[in-house]
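Data block below; observations after.
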Amino acid sequence: MSRLMNVASGPYAPPAPARELTAISADGARLHVEIHGPVDDTAAPAVVLAHGWTCSTAFWAAQIRELAADHRVIAYDQRGHGRSPASPACSTDALADDLEAVLKATLAPGEKAVIAGHSMGGMTVMAAATRPGFREHAGAVLLCSTGSSRLVAESTVVPMRPGRLRTWLTKHVLGSRAPLGPVTPIARAILKYATMGPGSAPHMVEACARIVHACPRKVRYAWSNVLDLLDLDHGVRELAVPTAVVVGTADRLTPPVHARSLAAALPHCLGVTELPGLGHMTPVEAPELVTGKIRELVTTYTQDRTHQQADTYTQVKEGA
């Protein structure tokens, strides 16, 4: 699924896509896109998945496997991640361009989808909130473990009191140029502490470690600088579609304060779900809940419209 070391078995082993394609972004960047499920069934509702920093399409394996039974599931690698080549352009505008390109390449004109973003994927959605292509296709949104600003200042990865020193240390920890190296017991322990809840099962930690360690260090560093300076508060206020928010109470990278800020600023927030004891990797740590949230959004906000579009398409085809 991605260039990597993905786990080969279990619920987090990436399923094979029904179709693969390359979307071309505004600056010519090439994006690896996968489509799972009934790709030729126009009545099957669409779900678009945007992964986070240092991850890949493999991160959504559990959601893809469950949703593909009756949804067209579209997952793509952010530029520089997975199978998408690195690009010198790393910015929130580039993220928005990329999402628009994926939507245009995979959805019919006017077709609505539920768009789920985790971490930097959620920031991608916020960055694209004012874009015509996003507004054309977004029926509802799920934001998982994400924030719109002050990411470094609010992070609790460094266990000390908030302040300038913690912010400085956090910036240098998250923005390290050092290679992550092989997935060892020590590496798993570090990743679990920083990104997952204390009760995360070993197979969850293993799956996340393999995905994160596969991200090239230059890509990891380049995007860490973007996250350090992130300010998408304006994008949150423009995200007018129905939006649900999920966060783990033990999230050290984007603590619940971010989710609450998002809820206060979103024009149409459907509420915040706080998951006790879970960390930053909510789609992996709580796969059934995240998948259930996506299904709920599809049923409530896009499924009827999808069926109407399919009926119209059939009528036009039969009348041709």
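Of the possible polar contacts, none joining the S119 side chain to the T146 backbone as a donor-acceptor pair under 3.5 Å is found. A donor-acceptor contact shorter than 3.5 Å is absent between the side chain of Y12 and the backbone of C208. Looking only at distances, no side-chain donor or acceptor of Q78 sits under 3.5 Å from a matching main-chain atom of S56. Of the possible donor and acceptor atoms, none in the side chain of H268 sits under 3.5 Å from a partner among the backbone N and O of V241. Of the possible donor and acceptor atoms, none in the side chain of T124 sits under 3.5 Å from a partner among the backbone N and O of L95. Side-chain atoms of E285 come within 3.5 Å of backbone atoms of G197 as a donor-acceptor pair (strictly under, hydrogens ignored). Although no hydrogens or angles enter the test, the distance criterion places no donor-acceptor pair under 3.5 Å between the side chain of R166 and the main chain of V152. Looking at S91, its side chain does come within 3.5 Å of a backbone N or O of A94 through a donor-acceptor pair. At least one donor-acceptor pair closer than 3.5 Å links the side chain of S84 to the backbone N or O of D77. Without hydrogens or angle criteria, H81 side chain to R79 main chain gives a donor-acceptor distance under 3.5 Å.
Classification of E136 and K104 as a salt-bridged pair fails, no side-chain N sitting under 4.0 Å from a carboxylate O. Look at D228 and K171 and you find a salt bridge, because one of the NZ, NE, NH1 or NH2 atoms lies within 4.0 Å of a carboxylate O, short of that distance. Ion pair E206/R188 flagged as a salt bridge, since at least one NZ, NE, NH1 or NH2 atom sits closer than 4.0 Å to an Asp/Glu carboxylate oxygen. Ion pairing between a basic and an acidic side chain is recognised when a charged N comes within 4.0 Å of a carboxylate O; R135 and E238 show such pairing.
Side-chain contact check for Y301 versus L270: some heavy-atom pair is nearer than 4.5 Å. Between S145 and M281, every side-chain heavy-atom pair lies at or beyond the 4.5 Å cut-off. The side-chain heavy atoms of P159 and Y193, taken from C-beta on, include a pair separated by under 4.5 Å.
Here the two rings, on H32 and Y76, have centers that are 6.0 Å apart or farther. The aromatic ring centres of H71 and H36 sit 6.0 Å or more apart.
I64 and L289 fall within a single hydrophobic cluster, where Ile, Leu, Val, Met, Phe, Trp and Tyr side chains are chained together by heavy-atom contacts under 4.5 Å.
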- Item | Derivation and outcome, salt bridge (charged side-chain N to carboxylate O under 4.0 Å, His left out), residues R295 and D70 | CA-CA 10 Å; R295 283 187 176 278; D70 50 0; 3.2 Å; yes
- Item | Test log, rule side chain to side chain contact (heavy atoms under 4.5 Å, CB included), inputs H280 and M196 | CA-CA 6 Å; H280 185 67; M196 305 182 79; over 6 Å; no
- Check step by step if side chain to side chain contact (heavy atoms under 4.5 Å, CB included) holds for T92 and M120. CA-CA 9 Å; T92 54; M120 193 173 80; over 6 Å; no
- Task: Decide side-chain hydrogen bond (donor to acceptor under 3.5 Å, both in side chains) for S25 and D97; before the verdict, give the C-alpha distance in whole Å, the side-chain angles of both, and the deciding distance to 0.1 Å.
- Result: CA-CA 6 Å; S25 195; D97 287 341; 4.9 Å; no
- Task: Starting from the C-alpha separation in whole Å, work towards a yes-or-no answer on side chain to side chain contact (heavy atoms under 4.5 Å, CB included) for N6 and I211.
- Result: CA-CA 6 Å; N6 297 322; I211 292 169; 4.0 Å; yes
- Message: Under the criterion side chain to side chain contact (heavy atoms under 4.5 Å, CB included), I'd like the reasoning laid out for R30 against I24: C-alpha separation, chi angles, the key distance, then a yes or no.
- Response: CA-CA 5 Å; R30 299 171 67 83; I24 307 299; 3.7 Å; yes
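Here CD1 of I74 is found 6.0 Å from CZ of R72. Values are rounded to the nearest 0.5 Å. Remark: L180 CG to T54 OG1 distance equals 8.0 Å, nearest 0.5 Å. Taken to the nearest 0.5 Å, the OG1 atom of T273 stands 3.0 Å off from the NZ atom of K293. Atom CZ of R220 sits about 10.5 Å away from atom CZ of R177, to the nearest 0.5 Å. Taking OG1 of T243 as the start and CG of L143 as the end, the distance is 6.0 Å to the nearest 0.5 Å. For the atom pair CG (L49) and CD1 (I294), the distance works out to 5.5 Å, reported to the nearest 0.5 Å.
There is no side-chain donor-acceptor pair under 3.5 Å between D231 and S149.
Between E274 and the options V246, V245, T249, a side chain to side chain contact (heavy atoms under 4.5 Å, CB included) holds for only T249.
What you find for V205 and L191 is that their closest heavy atoms are O-CD2, 4.1 Å.
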